[in-house]
Amino acid sequence: MDSREIEADLTEVLVTEQQIRDKLAELARRIEADYEGRDLLLVGVLKGAVMVMADLARELKPHVNMDWMAVSSYGAGTTSSGVVKILKDLDSDLSGRDVLIVEDIIDSGLTLSWLTGNLASRGAASIEICALLRKPDAAKVEIDVKYLGFDIPNQFVVGYGLDFAERYRNLRDVAILAPHVYS
């Protein structure tokens, strides 16, 4: 989906498809250098990270293993309950593995903080984070992000995997959703 086709639903495009591609290529080069000769497992957080994970994995030159996890701290609401629930667990054994969590966006950081602790308890050799987007003004806990795409304002954004009511995930850019759409 092209942002020009739904411009009435958006207030501003923050990151274009080309900027995303360029940034993922840059991050892939850094990841390749950092994990050269190591057995890297990419762990994508469903559903939002699907686009980031797919494009990052395609950009990486060496073989990588991928696995997926789905967690929720929202339930039916729009704010975090603070209790994380695993909706889909990993299929991979993490014992002694180098793990790179791939995220679409970091808001409060609460769920990601819980997730890194959970994966560490499973015996991973190392755990790092790659996130396409981060909202520094929304952070409630500090998260060490080794591979970061873009810092963005604390606005409601959609596109490139991010959704509102399961819509807009296939938007190629990341854009601020107009308030009239979700109010």
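Treat the numbers as computed from the prediction; the structure is a model and nothing was measured.
- With sequence neighbours left out, the ring pair (Phe, Tyr, Trp, His ring centres under 6.0 Å) criterion links Tyr182 to Phe156.
- Put simply, the side chain of Val45 does not reach to within 4.5 Å of the side chain of Met69, judged on heavy atoms.
- Contacts classified as salt bridge (Lys or Arg N to Asp or Glu O under 4.0 Å) and involving residues 46-57 (residues at least two apart or in different chains) are given here: Lys47-Glu166, Asp55-Arg58.
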All N/O donor-acceptor pairs, side-chain side in residues 37-44, below 3.5 Å, sequence neighbours left out:
from: Arg38; atom 1: NE; to: Asp98; atom 2: OD2; distance (Å): 3.0
from: Arg38; atom 1: NH1; to: Asp34; atom 2: O; distance (Å): 3.1
from: Arg38; atom 1: NH2; to: Asp98; atom 2: OD1; distance (Å): 2.9
from: Arg38; atom 1: NH2; to: Asp98; atom 2: OD2; distance (Å): 3.4
from: Asp39; atom 1: OD1; to: Asn65; atom 2: ND2; distance (Å): 3.3
from: Asp39; atom 1: OD2; to: Arg97; atom 2: NE; distance (Å): 3.3

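- In this structure, Arg4 pairs ionically with Asp2, as a charged nitrogen and a carboxylate oxygen lie closer than 4.0 Å.
- Under the side-chain contact (heavy atoms from CB on, under 4.5 Å) criterion, Glu26 pairs with Lys23, sequence neighbours left out.
- The environment of His180 atom NE2 is dense: over 12 non-hydrogen atoms of other residues, nucleotides or ligands sit within 6.0 angstrom.
- Applying the salt bridge (Lys or Arg N to Asp or Glu O under 4.0 Å) definition to pairs two or more places apart or across chains, those involving residues 113-122 are Asp89-Arg122.
- Not counting sequence neighbours, Asp144 has no partner by the salt bridge (Lys or Arg N to Asp or Glu O under 4.0 Å) test.
- Not counting sequence neighbours, the partners of Gln155 by the side-chain contact (heavy atoms from CB on, under 4.5 Å) test are Pro153, Ile176.
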Which donor-acceptor pairs under 3.5 Å do side chains of residues 10-18 form with protein atoms, sequence neighbours excluded?
from: Thr16; atom 1: OG1; to: Gln19; atom 2: N; distance (Å): 3.1
from: Thr16; atom 1: OG1; to: Gln19; atom 2: OE1; distance (Å): 3.3
from: Glu17; atom 1: OE2; to: Arg21; atom 2: NH2; distance (Å): 3.0
from: Gln18; atom 1: NE2; to: Asp22; atom 2: OD1; distance (Å): 2.8

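- For the pair Met51 and Tyr160, the tightest heavy-atom approach, listed with the atom from each and the gap, is O-OH, 3.4 Å.
- Legend: residues meeting side-chain contact (heavy atoms from CB on, under 4.5 Å) with Lys88, ordered by chain and number and at least two apart, are Leu46, Asp67, Trp68, Ala70, Asp91.
- Applying the salt bridge (Lys or Arg N to Asp or Glu O under 4.0 Å) rule to pairs touching residues 173-183 yields nothing, sequence neighbours excluded.
- Glu32 meets the side-chain hydrogen bond (donor to acceptor under 3.5 Å, both in side chains) test with Arg29; sequence neighbours excluded.
- Side-chain contact between Cys130 and Leu27 is present, with at least one heavy-atom pair separated by less than 4.5 Å.
- In this structure Ser95 satisfies the side-chain hydrogen bond (donor to acceptor under 3.5 Å, both in side chains) test together with Asp93, sequence neighbours excluded.
- Looking at heavy atoms from C-beta onward, Asp104 lies out of side-chain contact with Leu133 at the 4.5 angstrom threshold.
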